[in-house]
Number of protein chains: 2
Amino acid sequence: MPRKTDARARAIATAERLFRIQGYTATGLSQIIEESGAPKGSFYFHFPRGKAQLAEEAIDHYVATRIAVLRNISASTTGDALSFVHQIFGTFAAEMVASDFQYGCLMQNLANELPALDAELTKRVARGFADSTEIVAEHFRGCGFAPARASSTASALVAAVEGARTIARLERTPAIFEALADVSALRWAAREG
Amino acid sequence: MPRKTDARARAIATAERLFRIQGYTATGLSQIIEESGAPKGSFYFHFPRGKAQLAEEAIDHYVATRIAVLRNISASTTGDALSFVHQIFGTFAAEMVASDFQYGCLMQNLANELPALDAELTKRVARGFADSTEIVAEHFRGCGFAPARASSTASALVAAVEGARTIARLERTPAIFEALADVSALRWAAREG
DNA sequence: CTTTTTCTATGGTGATCACCATAATATGGC
DNA sequence: GCCATATTATGGTGATCACCATAGAAAAAG
């Protein structure tokens with residue numbers, strides 16, 4: 001008994017988009033249903049646990065995509081920490097420019113509305129950050145960083161990217177990403193020069 | 001004709017607290033009125049423009065407090081960039097621990113709900129970030145940094161603090177602040193050692 | 001005390017919220 | 001065509017949302 005419609009997938013994609021732009025609480029189910037073009041009558045058939053379940057599936061998709069991006073960057077800069085960092089900043093900056101600074105990070109948006117989230121959803125957000133950080137740390141270890149330093153640097157990098165997103169949305173310019181790249185470059189230049 | 005009640009001030013303080021914990025959209029006026037103990041009948045007397053005005057006054061107060069904190073730290077670490085940075089991370093980490101990781105940054109929470117904000121409120125959020133960054137940049141210039149490098153470093157620091165807040169709330173530990181401090185220390189040690 | 005201003009109580013507006021019960025309709029396998 | 005499952009329409013639930021009109025109470029000024 002295979003699926004016959006794409007209403008479910010479209011609802012998830014629309015939810016991901018709107019949650020990133022507006023946030024979780026500020027986005028009503030009616031808007032998601034309307035903009036996704038999905039039928040209004042079948043929402044609770046596809047998502048019996050309602051809005052929370054929809055958010056879970058949206059963040060699962062978001063995290064998977066983000067991890068894939070990080071893995072790609074890591075693979076293309078093997079052994080080169082500075083290029084890795086620069087490419088991360090560059091990629092996220094480009095994404096923001098492409099969306100005219102409308103899109104935030106879904107994990108961050110959800111994390112800033114923690115009291116509205118149930119335990120399961122909270123767990124997935126935390127896991128998204130942990131998994132992202134681990135991939136970055138793994139790359140740094142591959143550059144010869146000691147494990148502790150690789151972890152610290154990875155955490156710092158992930159935090160910086162999140163903060164940069166917030167500020168870039170507000171200022172509507174990728175300047176903050178360039179500032180972070182500059183500071184990183186200084187750091188490595190200082191170590192080696 | 002002096003003020004006779006503190007209902008207004010209490011509403012602002014409660015709004016600031018709840019907006020920091022729950023976000024702007026997720027916090028209803030009814031909750032603010034109830035928790036502040038303010039009379040229900042006089043809200044639109046004190047805040048004729050409603051929720052938006054309340055948020056404006058809340059962020060004005062928040063930004064003023066934050067700027068005062070930054071100035072204090074700057075004054076106590078004159079000419080010492082590393083101590084300045086460490087004390088910033090330490091202070092914000094301590095604030096988060098003290099509130100059991102409940103409080104986010106009001107500027108960041110509002111910035112993540114931009115579509116729900118009117119132009120005036122958006123402007124004040126942006127100004128809060130700009131003013132904070134300028135104070136940090138000023139300190140770095142006082143440490144002998146060239147103006148461009150002082151600005152980049154200040155922007156990067158502010159972004160890192162914002163991202164760290166998000167992650168710290170989620171993980172319920174100040175570890176991310178320590179990671180940032182470690183990375184900063186490495187950076188300066190590399191330059192000087 | 002009277003007047004003026006400041007503040008609050010009451011009770012509502014329509015809109016939207018997430019959610020759901022019921023029944024009808026598609027669509028597949030047979 | 002028949003049956004079982006998958007999907008959708010309809011029409012609602014009570015709750016909460018931000019907001020407001022009106023009137024009354026409290027307090028300062030004269």
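The shown structure was predicted, so the numbers you read here are calculated from the model rather than taken from an experiment. Naming: A, B, ... by sequence-line order, numbering from 1 per chain. What you see below is based on every heavy atom in this structure, not just the backbone, and it leaves out hydrogens, waters and symmetry mates.
Closest to the side chain of B:L29, from the set D:dA18, C:dC17, D:dT8, is D:dA18.
Using a cutoff of 4.0 Å between basic side-chain nitrogens and carboxylate oxygens, A:R66 and A:E16 are not scored as salt-bridged. Under a 4.0 Å N-O distance rule, the pair B:E95/B:R165 qualifies as a salt bridge. The pair A:R141-A:E134 meets the salt-bridge criterion, with a side-chain N (NZ, NE, NH1 or NH2) lying under 4.0 Å from an Asp/Glu carboxylate O.
Atoms CZ (B:F45) and P (D:dT22) sit 18 Å apart, rounded to a whole Å. Rounded to whole angstrom, the span from the CD1 atom of B:I33 across to the C1' atom of D:dC20 amounts to 12 Å. Protein atom CD of A:Q53 is 15 Å distant from nucleotide atom P of C:dA18, rounded to whole Å. In this entry the distance linking OH of A:Y24 with P of C:dC17 reads 13 Å, nearest Å. Atom CZ in B:F43 sits roughly 18 Å away from atom C1' in C:dG11 (whole-Å rounding). The distance from atom CD of A:Q31 to atom C1' of C:dA18 is 15 Å, rounded to the nearest whole Å. Look at CD on B:E34: it is 15 Å from C1' on D:dC17, rounded to the nearest Å. A:F47 has its CZ atom 12 Å from the P atom of D:dT7, to the nearest Å.
Regarding contacts with the backbone of C:dA18, a side-chain N or O of A:K51 is found under 4.0 angstrom from either OP1 or OP2. Distances shorter than 4.0 Å separate none of the side-chain N or O atoms of B:S30 from OP1 or OP2 on D:dA18. Phosphate proximity of C:dT8 to B:S42: present, with a side-chain N or O under 4.0 Å from OP1 or OP2. In this structure, B:Y44 reaches the D:dC19 phosphate: one of its side-chain N or O atoms is under 4.0 Å from OP1 or OP2. Checking the phosphate oxygens (OP1, OP2) of D:dT8, a side-chain nitrogen or oxygen of A:H46 falls inside 4.0 Å.
Place A:K40 and B:P39 on DNA chain C by their nearest nucleotides, and B:P39 ends up nearer the 5' end.
Within the 4.5 Å cutoff, the side chain of A:T25 has no heavy atoms near those of the B:Y24 side chain.
The residue A:T25 sits apart from the nucleic acid: no heavy atom pair falls under 4.0 Å.
Using cut-offs of 30° and 60° for the angle between ring planes, the B:F89 and B:F177 rings count as tilted.
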